[in-house]
Amino acid sequence: QTGTVAANPEQYDQAYICPVTIGSQTLHLDFDTGSSDLWVFSNLMPSSEVDGQTEFNTNSAGATKKDGYTWSISYGDGSGASGVVYADTVNVGGATATSQAVEAATSVSSEFTSDTGSDGLLGLAFSSINQVKPTPQTTFFDTVKSSLEAELFTADLQSNGPGSYTFGYIDSSKYTGSITYTAVDNSQGFWGFTAGGYTVGGGGSNSTGTIGSAIADTGTSLMYLPTAAVQSYYSQVSGSSYSSSQGGYIFPCSASLPSLTVSIGGHGFVVPGSNFNYSPTGSGNTCFGGLQENTGIGFTIFGDVFLRAVYAIFDETQGSPRIGFAAQ
Ligand SMILES: NCc1ccc(-c2ccco2)nc1
């Protein structure tokens, strides 16, 4: 089987939300290659924590409770959720898992309550970091992958308009040139890979140092790189500065933003400057940068700001996982 589903950006491309059918309900979930739990708002939650989101009905005929199973998850941005576990049919654009662990929230943090566009998350990292106890559950991809035409999924994220995820096949209309594959280190449960040198702007002269180990994370809005690369980038943005009150680099919204070229698997991938204007700060006609330092996170994250510039293939067809990137 295969699946094809639209990936709809929230405001400022903050996250990408996809329709998922669970039993007879359709919920809109944030597909996240940086985590491994499929969790949903549910009828078990206090109404004070729900602000218009669709709730998974745990009383529906097709939902089977997994007695004694619970989950609790916290994310790098300080948000989190917890609850209990059901099994139900999950259909993503035609790719169907007949018995998928659906983690029904009994409580979510305020960040999720106020994220009115999302009814939950669908994790696409490795099942080794699933947070269900006493027994970790498989991700949707792991549940269905043996039934897919090919054991892979792809991400085509767009700015301010629908992109798509596919399961089981590569859509050759989504990219130009060839796909460059590189090995994945999933020892931390993520789609980890090694990135090489970078160049700020088209100059080609600013390539200084290498980026090193990184993860591909559709559930993170921005791109977080080592300090040296980030300082090198903003040294080319007139009027930019680090704002402790905003918590990152900002610049005049009128600033001209250079591109950033990153070498992966020996191929240079160009992130256009426009990708690095994330959102207005709300004060002084300054804008918040889509590139920020990885200090305090512990690893380098190639989030949506990078992924919008490429077609990404998350591939387990070779036995060992690999990740592919192509220009789009
Ligand atoms: N990378 C995991 C993740 C995804 C979404 C969110 C989130 C918080 C509020 C709205 O969305 N946090 C973390």
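The first residue of the sequence shown is numbered 1, and numbering continues consecutively from there. Both counts, for ligands and for their atoms, begin at 1 and track the order of listing.
Considering both main-chain and side-chain atoms, D30 never comes within under 3.5 Å of ligand 1 through any nitrogen or oxygen pair. In terms of N/O distances under 3.5 Å, ligand 1 is approached by D77.
Side-chain contact, N294 with T300: a donor N or O sits under 3.5 Å from an acceptor N or O. No hydrogens or angles considered: a donor-acceptor pair under 3.5 Å links the side chains of S187 and D185.
Under the 3.5 Å distance criterion, the side-chain polar atoms of E149 are left unmatched by any main-chain donor or acceptor of F167. In this structure, the side chain of T281 does not engage the main chain of F288 through any donor-acceptor pair within 3.5 Å.
Closest to atom 10 (C) of ligand 1, if we only count protein heavy atoms, is D115 OD2, 3.2 Å. Closest protein heavy atom to atom 1 (N) of ligand 1: G219 O, 2.9 Å. For atom 7 (C) of ligand 1, the nearest protein heavy atom (residue, atom name, distance) is F112 CE2, 3.4 Å.
Considering only heavy atoms from C-beta on, K66 comes within 4.5 Å of Q137 through its side chain. Looking at heavy atoms from C-beta onward, I323 lies in side-chain contact with F314 at the 4.5 angstrom threshold.
Near D32, with a cut-off below 4.0 Å to any heavy atom, the atoms of ligand 1 are 1 (N), 2 (C). Listed by atom number, the atoms of ligand 1 under 4.0 Å from E111 heavy atoms are 8 (C), 9 (C), 10 (C). Proximity to L121 (heavy-atom distance under 4.0 Å) selects the following atoms of ligand 1: 4 (C).
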